[in-house]
Amino acid sequence: MFRSMASWSLLLAAGSLLIFAPASGQQQAEKLAEGSGADLVQAKCTLCHDLGNITRIRQSREGWEDTIKVMIRRGAPVSSAEETVILEYLTKHYGK
Amino acid sequence: MERDEAENADQEQERAGVVSRRVFLRSAGRLGALLAVAPAALAIDARAQTAQAPAGAPSSAPTATPAAPPLPGPVVTNAAVIAEKDPVMKVLTERPLTANATAENLNDAVTPANRLFIRNNLLTPDLQAAGHTLTVKGLVDKQMTLTIDDLKSAFPAVTVQGMLECAGSGRTAFSPLPKGTPWSSSGGYGCPAWTGARLRDILKAAGVKPAAVHAAFFGADFGELPTAPPVVRSIPLKKAMEPNTLVAWAINGEPLPKVHGFPLRMIVPGWVGSASTKWLFGIELLDAPFKGTYMDDSYRVPAHPIAPGEKMPKESVSTEAWPVKSVITSPAPGAKFKIGDGIAVAGKAWAGDNGIVKVEISLDEGITWKRATLAKPGDKYAWRLFTYTARLQRQGYVTILARATDSKGNIQPIAAVWNPLGYFWNGIHRVGVTIEKA
């Protein structure tokens, strides 16, 4: 009833590696804006996720505050002093 | 209604980030007699603590933070996952891995596994079927630990075609863009055929205690940081006992691909995909919804609509069944036709726990609508195929619109209600094509 995917997978495997490479534009968009706190955001937030999760959205200070708290509940190793630096950076560069 | 102390302690440990499988299995041992295969459970436990991560773990020391500790188990690399996928799949994020095929690539009546969307929260664990067990505990009369062979021999195997759709499917159609995986406006869902045992058969064998109201599902995935809490989701018992809710081991007649939950996963069709826990190793019946960040911080929508861009209000509700939705899978955006051509419009419609009663097509931005032909209904949670032949006697660009109506009379909206986490996009799908002179 269902066709086997195995042969297709083999044939297409080589091609998919190329297709799956992120577009160069996407990579550029995933660079953080320069500024105080950028290094800390880079170091902490990319422990688990792509920078694009940050750079493609805009949030109010309240919104970023909530996001940082959720990320800490998800295991982000961020001290309260670092939390402040990260919040200031995100609000300034990715605020609205 | 209080949970016993051991369970509370376990859940606190989980909140503190202890690897879920160890906690779940340790608790299983302490709380009651395992009916079978305790050694297999222990074997998994041991592996979880000792196995080293192969490729995929950080290979060079990060500059700003100490080197990450070894992962609790082997993982499948993104490259290996992607090599098994069709090239039409587009990777949306690499950490965590997410990917989707857009509507024009989802013309199959039954979604092939290699075109099914990928939504990981953490890493892809490299599990083996041999020795893998499912433990059922909590508010049951008898705690059980079952191997996959036990599941296959003790319960009738059923195959059902059913919708799997990420809660954030279509998210990029929202404006302003909410946070979360940037799902294509027409991606993040699929409708394969799943084979497994009915969860209700398993729960009946364990004996559901009257106090049970939610079933929590535990997956064996883990994050790069030891502090990352496990992804645990729970659903109301009523849905858990629905005959289409499965503990599945096969997709389209084949074993689950590793990224789709091998060797065992939940299938809660029609509901947000996060209910369909991958890499399932534990089920716990509870007297309340599970408490954890993936229940309390994610997969929620405001109880009352808010203005676009506002933050999540205090009153919010957990996401469950998808609302009515349809997509046009053919023609593809940008297709070209001649004046008078018969344009074969085809697509799929679905509506969470409801059926589809009508799909309409508009070729004039919704001023007039014509009924599409619906294929015979299939399995309860399978999408419904529709077709329509459009003929246009004028040249130029035209947008084809489809809107579905469900068995409760709900009609697909022009745009979905905006919400801070960007869930439940079900706005009318639009596909633009060009008509040229004959």
Side-chain angles (χ1 to χ4, degrees), chain A residues 1-23 26-27 29-30 38-67 69-78 82 94 96, chain B residues 15-17 58 62-66 68 78-79 82-96 98-99 110 112-115 121-122 159 172 176-182 192-193 223-229 251-254 257 292-294 296-298 309-312 420:
Chain A
M1 180 174 170
F2 302 104
R3 65 194 172 100
S4 162
M5 297 297 150
S7 55
W8 278 98
S9 302
L10 288 173
L11 281 173
L12 298 173
S16 49
L17 294 178
L18 295 173
I19 303 239
F20 274 97
Q26 198 177 330
Q27 282 176 326
E30 290 193 13
D39 289 351
L40 187 63
V41 170
Q42 174 86 36
K44 297 291 183 175
C45 304
T46 65
L47 287 171
C48 292
H49 64 76
D50 293 351
L51 280 177
N53 290 17
I54 296 169
T55 58
R56 70 173 159 265
I57 58 169
R58 297 291 179 272
Q59 292 196 99
S60 64
R61 171 177 289 268
E62 270 188 315
W64 281 119
E65 210 165 4
D66 277 5
T67 300
K69 296 223 176 297
V70 172
M71 290 301 110
I72 291 170
R73 287 198 281 278
R74 300 255 161 112
V78 173
E82 290 170 331
Y94 299 95
K96 63 162 195 184
Chain B
R15 276 195 289 276
T63 50
T65 48
N78 285 359
I82 287 159
E84 291 190 358
K85 284 289 185 176
D86 191 296
V88 301
M89 297 286 293
K90 184 185 174 202
V91 171
L92 304 167
T93 60
E94 295 182 45
R95 302 172 63 238
T98 61
V110 179
N114 68 352
R115 292 194 180 195
N121 275 286
L122 303 169
T159 297
T172 55
L177 179 64
K179 59 186 156 189
T181 303
E224 290 179 55
L225 294 179
T227 45
I251 176 171
N252 299 341
E254 304 281 342
T293 181
Y294 290 95
D296 303 329
D297 294 322
S298 294
E310 285 185 359
K311 62 175 269 188
M312 186 71 81

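Just so we're on the same page: letters track the sequence lines, and every chain starts at 1.
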Chemist: With only heavy atoms counted, which part of B/Pro178 is less than 4.5 Å from chain A, the side chain, the backbone, both or neither?
Modeler: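 B/Pro178 touches chain A through backbone heavy atoms alone.
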Chemist: For residues A/Ile57 and B/Lys179, report the shortest heavy-atom separation together with the two atoms involved.
Modeler: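 Looks like CD1-CB, 3.4 Å.
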Chemist: Step by step, would you call B/Leu177 with A/Arg56 a side chain to side chain contact (heavy atoms under 4.5 Å, CB included)?
Modeler: CA-CA 8 Å; B/Leu177 179 64; A/Arg56 70 173 159 265; 3.9 Å; yes
Chemist: Within this structure, what is the CG-OG1 distance for the pair A/Asn53 and B/Thr181, rounded to the nearest 0.5 Å?
Modeler: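 Between atom CG of A/Asn53 and atom OG1 of B/Thr181 there are 7.0 Å.
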Chemist: Side chains of A/Arg74 and B/Ser298: is there a donor and an acceptor less than 3.5 Å apart?
Modeler: yes
Chemist: Quick check for you: to the nearest 0.5 Å, what is the distance between A/Lys44 atom NZ and B/Leu225 atom CG?
Modeler: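 Here the interatomic distance stands at 9.5 Å.
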Chemist: Hey, what do you get for OG1 (B/Thr98) to CG (A/Asp50), rounding to the nearest 0.5 Å?
Modeler: 8.0 Å
Chemist: At a heavy-atom separation under 4.5 Å, does A/Lys96 approach chain B through its side chain, its backbone, both, or neither?
Modeler: side chain
Chemist: Please name the pair of heavy atoms, one in B/Pro229 and one in A/Arg73, separated by the smallest distance, quoted to 0.1 Å.
Modeler: CG-O, 3.3 Å
Chemist: Would you mind checking which part of B/Pro96 comes under 4.5 Å of any heavy atom in chain A, side chain (CB onward), backbone (N, CA, C, O), both or neither?
Modeler: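 Answer is both: backbone and side chain atoms of B/Pro96 are under 4.5 Å from chain A.
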Chemist: Less than 4.5 Å to any heavy atom of chain A: does that hold for the side chain of B/Lys311, its backbone, both, or neither?
Modeler: side chain
Chemist: Rounded to the nearest 0.5 Å, what separates atom CD in B/Glu224 from atom CG in A/Leu47?
Modeler: 8.0 Å
Chemist: Using non-hydrogen atoms only, which part of A/Gln42 is less than 4.5 Å away from chain B: side chain, backbone, both, or neither?
Modeler: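 Contact with chain B: none, neither part.
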Chemist: First locate atom CZ of B/Arg95, then atom OG1 of A/Thr46, and finally report the distance between them rounded to the nearest 0.5 Å.
Modeler: 6.0 Å
